[in-house]
Amino acid sequence: MRAPDFSADLYRDITGFAEGTPSWVHSAAEVGTDGGLLLFAALFVAGWWRARGRDARSMGLALAAPFAVVAAYLVSEVSKTFIEQERPCRAVAGAVHIAACPSPGDWSFPSNHATIAAASAAAIVVAWRGLAPLVLPLAALMAFSRVFVGVHYPHDVAAGFLVGVVVAPAAALVLVAVSRRAVEALRGVAAGAALLGAGPAAAPGGPMPGASRLVAGGVPQGVPVHAGAASARRGGGGPEASVTMPEVTMPDVMGGLTRRGGPRP
């Protein structure tokens, strides 16, 4: 596959600018293009630790995140073998590059680095949305660094980023259906609870199972506020015997209940 002309022109502009930057910028770009992946790995561990006190789905998403990244990487890597686009550091005449040009046969489109960075960020966001302002710009910066150091075209990293943000969340949501059940089962044994946490604790002072819910005034829900007397009669010509239920009135202004009862005529 031949790279589009607009992407080759943009590649020349970016790498030409990169060549004129200070040497410490070159070093930072070379280290950062791989070092950012270590930061994502640390965030995976942090996500697992955070999910130990949360429900089974949260832990399932945290455990599914690395596998979702692997799924995105496989899509990118398989695509490379079919497309076979040469690296710009060899294909573009007069190309300048900070990083060493990968060996022949290590194809350019799409960018695996961009795919892994975007997939890691997307999988983390699915499990921990609060980190989106951190991980998404970091993934974009890592993707851009591959052009900056001269080993990818801009359209390589754009395609890789798209693969990552689409495939990884989809894979995570599919995997969580299985991982959630596994978490629920493993938390029932001592070793699993030690590794995955016990999940969310019951709220202190919460209602006991089966406890009646009360409405204003302390009257159990479902009991009429104003109940009339009920009589049970026995026939057979003998004297009538009546059993009178207490009548419940609305609570008075002091918040109490006034009960009155007695046999009715």
Q. About how many Å separate CZ of Arg50 and OG of Ser58, when rounded to the nearest 0.5 Å?
A. 6.5 Å
Q: Spell out, yes or no, whether Val157 and Leu141 are grouped together once hydrophobic residues are joined by side-chain heavy atoms under 4.5 Å, including indirect joins.
A: no
Q: Report whether Val25 and Phe17 are members of the same hydrophobic cluster (ILVMFWY, side-chain heavy atoms less than 4.5 Å apart, transitive linking).
A: yes
Q: Taking all heavy atoms of Ala68 and all of Ala168, pick out the closest pair and write down the distance.
A: CB-O, 3.3 Å
Q. Between Val163 and Trp107, is there a shared hydrophobic cluster once you connect ILVMFWY residues whose side-chain heavy atoms come closer than 4.5 Å?
A. no
Q: Give the minimum heavy-atom separation between Ala122 and Gly164, together with the two atoms involved.
A: CB-O, 4.2 Å
Q: Just say parallel, tilted or perpendicular for the rings of Phe6 and His155, cut-offs at 30° and 60°.
A: tilted
Q | For Pro133 against Gly130, the heavy-atom pair lying closest together | A | CD-O, 3.4 Å
(Q) For residues Val176 and Val126: do they belong to one hydrophobic cluster (side chain heavy atoms under 4.5 Å, members Ile, Leu, Val, Met, Phe, Trp, Tyr)? (A) yes
(Q) According to a hydrophobic-cluster definition based on side-chain heavy atoms being under 4.5 Å apart (Ile, Leu, Val, Met, Phe, Trp, Tyr only), do Val178 and Val183 belong together? (A) no
Q: Can you establish whether the number of heavy atoms outside Arg181 located under 6.0 Å from its atom CZ is more than 12?
A: no
Q: Any chance you could measure Arg146, atom CZ, to Ile14, atom CD1, to the nearest 0.5 Å?
A: 13.5 Å
Q: Search all heavy atoms of Ala62 against all heavy atoms of Ala51 and return the closest pair with its distance.
A: CB-CB, 4.1 Å
Q: Run the numbers on Asp106 and Ser103 for side-chain hydrogen bond (donor to acceptor under 3.5 Å, both in side chains), then give the verdict.
A: CA-CA 6 Å; Asp106 186 349; Ser103 59; 5.2 Å; no
Q. Is Thr21 reaching over with its side chain to a backbone N or O of Ala18, donor-acceptor style, under 3.5 angstrom?
A. yes
**Q.** Validation row: Arg87, Val151 side chains within 4.5 angstrom (heavy atoms)
**A.** yes
Q | Tyr153 vs Val147 side-chain heavy atoms within contact, under 4.5 Å | A | no
(Q) If we ignore hydrogens and angles and just use 3.5 Å, is the side chain of His152 paired with the main-chain N or O of Pro110 as donor and acceptor? (A) no
Q: Would you give the length of the straight line joining atom CD of Glu86 to atom CZ of Phe109, rounded to the nearest 0.5 angstrom?
A: 15.0 Å
Q. If you round to the nearest 0.5 Å, how far is CE of Met59 from CG of Leu196?
A. 5.0 Å
Q.
Return the CD to OG1 distance between Glu77 and Thr115, rounded to the nearest 0.5 Å.
A. 9.5 Å
Q.
Do Tyr11 and Val92 have side chains that approach each other closer than 4.5 Å (heavy atoms only, starting at C-beta)?
A. yes
Q) Below 4.5 Å, heavy atoms only, C-beta onward: do Cys89 and Ser108 meet side chain to side chain? A) no
Q: Not counting sequence neighbours, which residues clear side chain to side chain contact (heavy atoms under 4.5 Å, CB included) with Val166? List them please.
A: Leu162
(Q) Tell me whether Ser76 contacts the main-chain N or O of Ala72 through its side chain, where contact means a donor paired with an acceptor under 3.5 Å. (A) no
Q. Residues in ring-ring contact (aromatic ring centres under 6.0 Å, His included) with His97, at least two apart?
A. none
Q | Nearest non-hydrogen partners of Cys101 and Arg90, listed with the distance | A | SG-NH1, 3.5 Å
Q.
Would the distance check show the side chain of Trp48 and the main-chain N or O of Leu195 forming a donor-acceptor pair, the cut-off being under 3.5 Å?
A. yes
(Q) Show, in sequence, the C-alpha distance, side-chain angles and deciding distance for Asn112 and Lys80, and conclude whether the side chain to side chain contact (heavy atoms under 4.5 Å, CB included) test is met. (A) CA-CA 9 Å; Asn112 280 344; Lys80 280 176 176 285; 3.3 Å; yes
Q. Are the side chains of Gln85 and Asp156 in touch, meaning some heavy atoms are under 4.5 Å apart?
A. yes
**Q.** Check: Ser111 side chain, Ala114 main-chain N or O, donor-acceptor pair, under 3.5 Å
**A.** yes
(Q) Distance check, rounded to the nearest 0.5 Å: Leu173 atom CG versus Arg57 atom CZ? (A) 6.5 Å
Q) In the hydrophobic cluster built from side-chain contacts under 4.5 Å, what are the other members alongside Val70? A) Leu37, Leu39, Phe40, Leu43, Phe44, Val69, Tyr73, Leu74, Ile116, Ile124, Val125, Trp128, Leu131, Leu134, Val135, Leu136, Leu138, Met142
Q | Sub-4.5 Å side-chain heavy-atom contact between Glu19 and Ile98 | A | no
